[in-house]
Amino acid sequence: MSVFILALDQGTTSSRALLFDQHGTVVAEDQYEFPQYFPEPGWVEHDPIEIWESQLRAARGVLEKTGTSASDVAALGITNQRETAVVWERETGEPIYPAIVWQSRQTTSICDGLRERGLEDDIRARTGLVIDSYFSATKIRFILDAVPGAQARAEAGELCFGTVDSWLIYKLSRGRVHATEYSNAARTMLFNIHSLEWDPELLAMLQIPAAMLPEVRDSSGDFGRVDADWLGAEIPIAGVAGDQQASLFGQGCFQSGMVKNTYGTGCFLLMNTGDTPFMSDSGLLTTLAWGIDGRVEYALEGSVFSAGATVQWLRDGLGLIESAAESEGLARSVSDAGGVYLVPAFAGLGAPYWDERARGTLVGLTRGTTRAHLVRAGLESIAFGSRDVVDCMAQDSGLAMDQLRVDGGACRNDFLMQFQADLLGAVVERPSMLEVTALGAALLAGLGVGFWSDREALAQTRGEVQYFEPRLDEADRDILYRDWQRAVDRSRDWAV
Ligand code: ADP
């Protein structure tokens with residue numbers, strides 16, 4: 001009897017593998033970091049072979065640690081850093097160029113070219129995305145230009161493109177399967193999220209040959225099998241999703257209107273919007289959440305640029321705290337932020353302001369302001385930024401949100417979670433099992449092979465949850481938020 005699901009979590013800085021049991025409990029994990037390459041300012045690359053080898057090592061490691069044989073694993077799921085682009089030879093599996101990482105800015109000029117051609121609205125309508133070098137499309141163009149002969153070879157079907165999920169599926173299956181799924185495809189800027197196919201006009205715009213693209217499948221289902229050579233026995237690859245969508249799934253946000261927020265370096269918020277691809281008026285992205293049983297669901301996505309990074313700045317930049325965790329006690333040592341607002345627009349502001357020239361701003365200082373007030377204002381800024389995005393989601397979709405499901409490193413901060421609930425007037429739900437991204441991949445895989453029968457069975461894996469109920473009355477909440485917006489105004493249009 002197969003008793004486990006193996007989840008691979010291929011992140012930007014490390015490759016992890018986690019073994020889950022039927023209750024959704026993490027039995028064991030293993031993790032390896034791999035090198036980051038910065039060949040020029042603003043460029044970020046990975047070696048695809050190092051991604052693969054670190055991932056395989058972690059998968060082997062977690063089985064070895066627990067004495068688990070591959071035949072005890074019912075299915076394998078993959079979640080991955082999104083948008084990162086890999087191009088390799090179909091015949092040999094050899095990459096022809098380093099993986100260009102999502103953060104990399106090396107295709108800015110290709111993006112400028114698309115904007116100059118007036119394609120912004122068209123691309124947005126087809127893909128739900130704004131033109132940005134984050135997304136895979138211009139990275140593929142870059143690789144095909146950088147490697148002599150690559151364009152012709154791609155046209156002849158000799159080369160494969162894949163996001164990291166696709167690359168891992170190819171390697172795991174020993175080249176038998178070249179496939180991806182909806183959530184990853186939706187981040188390439190080549191996939192039409194309405195017709196659900198690689199968009200011929202987008203491919204033509206960037207002269208990307210269709211022959212190099214992976215087949216797009218349901219996120220839960222059949223992606224072939226892990227070759228027996230790798231882990232000792234074949235394992236079905238049965239669930240795949242990009243990291244943010246996997247976390248939405250792992251949080252059990254199965255109904256439209258449900259929202260999750262991951263509090264990491266930045267915050268990533270996704271709202272499940274069911275069958276409807278709402279187009280945003282406030283600059284949120286429209287994306288595919290997943291495809292299951294031949295039916296896709298959509299999501300709205302927004303981010304807060306600086307979240308945990310603000311806490312790091314309080315610690316490393318200002319030296320106000322020694323550890324991120326210390327921020328909580330300090331924030332609680334005062335009854336409020338003393339009228340201080342910190343707008344952490346260190347690199348501009350995102351939704352709904354979209355102001356590249358905004359810069360970090362501290363307002364409301366008096367002689368009574370202490371380090372505790374500053375630290376508290378820093379934590380509060382994370383909640384204010386998240387509320388900005390939640391409000392956009394509610395406005396764009398017309399869907400009411402009554403609870404926010406949270407994960408990520410900074411969600412461990414109880415003060416922050418309570419303040420978030422107060423500021424939203426909504427319950428914040430924090431599961432005790434915070435590995436929701438890996439869990440999402442495991443759930444998709446388990447669903448794909450019948451390890452779990454349906455979404456009700458999946459919901460049983462959620463385990464213990466801590467609830468933060470809103471305690472602030474509406475009038476006080478409105479004053480706090482209005483003053484935040486006044487502070488944001490002060491930060492805008494600053495850099496020249
Ligand atoms: P990422 O995946 O983006 O690296 P993590 O989910 O690991 O981020 O979360 C780490 C971030 O959370 C760091 O920026 C850190 O400053 C912040 N953080 C960690 N613990 C706390 C805490 N107790 N209170 C506030 N922020 C925290």
Side-chain angles (χ1 to χ4, degrees), residues 7 9-16 18 26 29 31-34 36 44 46 79-84 101-103 134 164 242-248 250-251 260-270 301-334 337 342 344 346-347 350 360 371-372 374-386 404-421 423 428 430-441 466 468:
D9 181 358
Q10 206 303 305
T12 308
T13 56
S14 74
S15 297
R16 307 171 66 215
L18 296 91
V26 179
E29 63 170 304
Q31 172 169 10
Y32 297 97
E33 290 194 4
F34 56 86
Q36 312 284 313
V44 189
H46 292 158
T79 180
N80 57 289
Q81 52 167 321
R82 304 179 301 173
E83 297 123 10
T84 297
V101 179
W102 58 274
Q103 300 150 322
Y134 276 143
V164 168
D243 51 12
Q244 298 308 323
Q245 287 94 329
S247 139
L248 188 70
Q251 285 279 19
K260 73 92 191 180
N261 191 5
T262 302
Y263 296 79
T265 309
C267 283
F268 277 95
L269 294 99
L270 261 75
E301 173 169 333
S303 61
V304 178
F305 294 166
S306 181
T310 305
V311 179
Q312 290 170 17
W313 177 70
L314 294 170
R315 186 192 61 195
D316 307 335
L318 298 188
L320 292 183
I321 45 175
E322 276 183 12
S323 68
E326 193 194 335
S327 64
E328 178 167 350
L330 209 51
R332 283 189 196 286
S333 73
V334 286
L342 167 61
F346 302 119
R371 140 181 115 98
L374 295 183
V375 168
R376 181 164 172 139
L379 288 177
E380 290 184 352
S381 75
I382 301 172
F384 283 121
S386 298
L404 180 71
R405 298 191 165 188
V406 301
D407 55 87
C411 90
R412 291 197 176 84
N413 189 311
D414 286 1
F415 165 79
L416 174 58
M417 294 302 105
Q418 183 58 51
F419 188 77
Q420 186 74 80
L423 193 62
V428 168
R430 182 179 64 194
S432 57
M433 207 295 283
L434 285 172
E435 297 284 4
V436 288
T437 305
L439 177 64
Q466 193 168 347
F468 296 86

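First listed ligand is number 1; within each ligand, the first listed atom is number 1.
Of all heavy-atom pairs between Leu269 and Ser386, the closest is CD2-O, 4.1 Å.
Checked by atom type, the side-chain pair Ser14/Glu33 shows no donor-acceptor distance below 3.5 Å.
Using the six-membered ring where Trp is involved, Phe419 and Phe384 have ring planes that are perpendicular, over 60° apart on the 30 and 60° scheme.
With a 4.5 Å cut-off on side-chain heavy atoms, Asp9 and Gln31 do not count as touching. Residues Ser432 and Gln466 have side chains not in contact (no heavy-atom distance under 4.5 Å, counting atoms from C-beta outward). At least one side-chain heavy atom of Glu301 sits less than 4.5 Å from a side-chain heavy atom of Phe268.
Taking a heavy-atom cut-off of under 4.0 Å, ligand 1 is surrounded by Gly264, Thr265, Gly308, Ala309, Val311, Gln312, Ala324, Ala325, Ser327, Gly408, Gly409, Ala410, Asn413.
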